[in-house]
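What you see is a predicted model; the values in this text were computed from it and never measured.
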Amino acid sequence: IITRVKVSVDDDGKTHERWVAIVTAGYDESGDPDPDTITGRTSTYDANGTAGRGVFMLDMKTGKVLARKILDATATDAQPSLRYATAMTPAVFDLDGDGFADLVLVGDLGGRVFKWVVHAVGGDPVNGTATGDDANQPAWPFKLFFQAPTVASGGKTYYRNFFTSPTAGMVKGQLWI
């Protein structure tokens, strides 16, 4: 997804426009929790693996990472919950019609959907070096939004995977996903 976000460079107090590509880390077998009976392959799921787990915001001009949310057990937001591959295309919403992204939704193979609120002015680690110019983007909250139930059968746990982006609509100022 290509969109625009608002950033500040070196905490200059100004809002700068950045064109970005928002992508997920993609499919990786070690991030697929479903058993062999679903995938047809020997399961190699690793709860502590990092491949395929995350969402990235890439600066379109330089290709460098402007923002990221990856599996990080020490993070204080929902990053410790990124335990499954994120194979879907992120859904990006401009909720106030100003032409800038406000909300990013991304699902994983564990049946989870994460909400990344990018409405506020973030830092710019591509062009700045101040404390606020951090690719972890502390001004942009990242939370677990939804967890689908799992199904246990025959001693195995089955997950509802997300491979496609959610759709949404505004009804009387309320976002429905």
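- The minimum heavy-atom distance linking Gly52 with Ala25 is given by the pair C-CB, 3.4 Å.
- In this structure, Phe114 and Thr86 have side chains that are not in contact, with every pair of non-hydrogen atoms separated by 4.5 Å or more.
- Applying the salt bridge (Lys or Arg N to Asp or Glu O under 4.0 Å) test to pairs two or more places apart or on separate chains, those with a residue in residues 67-89 are Lys69-Asp77.
- Partners of Tyr159 by ring pair (Phe, Tyr, Trp, His ring centres under 6.0 Å), not counting sequence neighbours, listed by chain and number: Tyr84.
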Tabulate below the donor-acceptor pairs under 3.5 Å that side-chain atoms of residues 141-157 make, not counting sequence neighbours, or state none.
from, atom 1, to, atom 2, distance (Å)
Gln147, OE1, Arg112, NE, 2.6
Gln147, NE2, Gly110, O, 3.1

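- Gln174 is linked by a side chain to side chain donor-acceptor pair (under 3.5 Å) to nothing, counting only residues two or more places apart in sequence or in another chain.
- Residues forming a side chain to side chain donor-acceptor pair (under 3.5 Å) with Arg160 (at least two apart in sequence, or on another chain): none.
- Sorted by first and then second residue, the pairs that involve residues 95-110 and meet side chain to side chain donor-acceptor pair (under 3.5 Å), not counting sequence neighbours, are Lys6-Asp98, Asp102-His119.
- Between Asp134 atom CG and Thr129 atom OG1 the span is 12.5 Å, to the nearest 0.5 Å.
- Residues in residues 9-20 take part in these salt bridge (Lys or Arg N to Asp or Glu O under 4.0 Å) pairs, two or more places apart or across chains: Arg4-Glu17, Arg18-Asp124.
- Remark: the backbone N or O of Lys64 is not paired with any side-chain donor or acceptor of Asp59 at under 3.5 angstrom.
- Formation of a donor-acceptor pair under 3.5 Å by the Asp46 side chain with backbone atoms of Asn48 is found in this model.
- Under the 3.5 Å distance criterion, the side-chain polar atoms of Asp32 are left unmatched by any main-chain donor or acceptor of Glu29.
- No continuous path of hydrophobic side-chain contacts links Val55 to Tyr27 [ILVMFWY only; heavy atoms under 4.5 Å].
- Closest heavy-atom contact between Ala139 and Ala120: O-CB, 3.9 Å.
- Among residues two or more places apart in sequence or in another chain, the side chain to side chain donor-acceptor pair (under 3.5 Å) test is passed with Thr24 by none.
- Exactly one residue among Val9, Val7, Val121 makes a side chain to side chain contact (heavy atoms under 4.5 Å, CB included) with Thr15. That residue is Val121.
- The other residues sharing a hydrophobic cluster with Val23 are Phe56, Leu58, Val65, Ile70, where clustering joins ILVMFWY side chains under 4.5 Å apart.
- At least one side-chain heavy atom of Leu175 sits under 4.5 Å from a side-chain heavy atom of Leu103.
- If you chain together hydrophobic residues whose side chains sit under 4.5 Å apart, Met88 and Met57 fall into the same group.
- In terms of heavy-atom proximity, Gly26 sits nearest to Ala85 at O-CB, 3.7 Å.
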May I have the list of side-chain donor-acceptor pairs in residues 161-173 shorter than 3.5 Å, sequence neighbours left out?
from, atom 1, to, atom 2, distance (Å)
Asn161, ND2, Asp34, OD2, 3.1
Asn161, ND2, Leu109, O, 2.5
Ser165, OG, Thr89, O, 2.3

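- Criterion: ILVMFWY side-chain heavy atoms under 4.5 Å apart, direct or through other members. Under it, Trp140 and Val106 are part of a common hydrophobic cluster.
- Note: the hydrophobic cluster containing Leu95 does not contain Phe100 (ILVMFWY, side chain heavy atoms under 4.5 Å, direct or indirect links).
- Partners of Thr3 according to the side chain to side chain donor-acceptor pair (under 3.5 Å) rule, which considers only residues two or more places apart in sequence or in another chain, do not exist here.
- The hydrophobic cluster containing Trp19 also includes Ile2, Met60, under a criterion of side-chain heavy atoms closer than 4.5 Å among ILVMFWY residues, counted directly or through chains of members.
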